[in-house]
Amino acid sequence: MNKWKWIIITILPLFITTGCWDKRDPEDREYMITMGVDKGEAGYTISFAPAKTQEREPEKMVCQGKTLADAIAFNDSRSSRKTELGQLKMIVFGKSILEDKEMLKSLLEELKRSQDISKKVTVLGTASTAEACIDAMLEQDDGTGLYLWEFFKNTAKEVGVTKGLDMDTFFTELKERKGSCVLPRIQPEEKGLYLGGGVVLTDTKLLTFLDDKEEQGYLLLLGEAEGAVLDAQSEGKIIPLRIARSHVKYDFNTQQNGITTCNIHVKLYGELLGNTNTDAFSEEGTKKMEKLFNEIIKSEVEKTMEIGKKNSTAEFLGLAVRLRRENPQFSGDFWKDVTITIEPEVKIRDTGRIR
């Protein structure tokens, strides 16, 4: 008995220290940083930008399959390295996949169930192909997309050009807004990548694209316009205002006639930039400039809202979900049964002082 006891004590640690039987060394794995998804001839076309290593520069990898799992299995079958998605930072959805509701829904369900892909991955959309975006990354961003990921992580909120969106928030917004959301937009260009604007989804498919100004109006509605720059013309000069702080408040009230009113109070603190007359910082001059920028903000927000009204949806703007939170019993048509007023309030500050 003692003999077997010592044998077990001696051998057991060997099994414990070996770890997983299928464990691979890092050099046997291909760590993917960015993934692009397009619609292929018989399913999905998946483009990968792998991590840059000391041994070699990253090269685009393209595979196809009826599902994401099929495409990855196909990729592994012709490579000596296993596809590793644990380090994935970004996913780009091409226009073709965004236009196909069923394929997009199937892909999102697969991403939701995946244990390999972090739910903090940044997601973007493009009016081009995702593969073209990967190609542009190969030319500009060491082929990985890490620059873009770090931009959304550290800088996007400070420059107000687009809203960062991770996959977890993406799924949450789709659920709350009945399949609607606004993805940040990325576009391949001759000299690299352009980031700005938005990609509007409704009913889990592409509705339209937002340009920079329309995206700015969307950010104002969210109260997330910090860093955005507004331009006004005064006395023959273009005067820019950089938004330092951005807040928004929604007030819903149901009137006796059954009409619901929605007052959107957009409050902003900003700093004048560029060649500005000293008169602009007098009490009278400041009030004049504040009134001018109030009109600009109201116009921008209304233009963005007009896109929703034209397409008979208030979901992607986040307006309908806010109303449902205030009045769960509401069952009318948002644009017909809700009267909206935009109330901007700009406060201009000079050298840190709000006048």
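This is a predicted model, so every value here is computed, not measured. Basis for what follows: all heavy atoms, side chains included, without hydrogens, waters or symmetry-related copies.
For Glu176, the side-chain contact (heavy atoms from CB on, under 4.5 Å) test picks out Thr172, Val321, Arg325, with sequence neighbours left out. Residues meeting the salt bridge (charged side-chain N to carboxylate O under 4.0 Å, His left out) test with Lys112, sequence neighbours left out: Glu109. For the side chain to side chain donor-acceptor pair (under 3.5 Å) test, no residue two or more places apart in sequence or in another chain qualifies with Asn253. Not counting sequence neighbours, Thr339 has no partner by the side chain to side chain donor-acceptor pair (under 3.5 Å) test. A search for side chain to side chain donor-acceptor pair (under 3.5 Å) contacts involving Glu131 returns Lys60, not counting sequence neighbours. Qualifying salt bridge (charged side-chain N to carboxylate O under 4.0 Å, His left out) partners for Lys175, counting only residues two or more places apart in sequence or in other chains: none. Residues satisfying the side chain to side chain donor-acceptor pair (under 3.5 Å) test with Arg177, not counting sequence neighbours, are Tyr218.
Listed by first and then second residue, the side-chain hydrogen bond (donor to acceptor under 3.5 Å, both in side chains) pairs involving residues 302-321 are Glu315-Arg324 (not counting sequence neighbours). The salt bridge (Lys or Arg N to Asp or Glu O under 4.0 Å) analysis of residues 37-47, with sequence neighbours excluded, yields the pairs Lys39-Asp100. Legend: salt bridge (Lys or Arg N to Asp or Glu O under 4.0 Å) pairs involving residues 252-263, not counting sequence neighbours: none detected. For residues 326-338, the set of pairs meeting the side-chain hydrogen bond (donor to acceptor under 3.5 Å, both in side chains) definition, not counting sequence neighbours, is empty.
Here the side chains of Gln216 and Lys213 are in contact, with some heavy-atom distance below 4.5 Å.
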Distance-only criterion, 3.5 Å: show the donor-acceptor pairs between side-chain atoms of residues 200-209 and protein atoms not counting sequence neighbours.
| from | atom 1 | to | atom 2 | distance (Å) |
| --- | --- | --- | --- | --- |
| Asp203 | OD1 | Lys101 | NZ | 3.1 |
| Asp203 | OD2 | Lys101 | NZ | 2.9 |

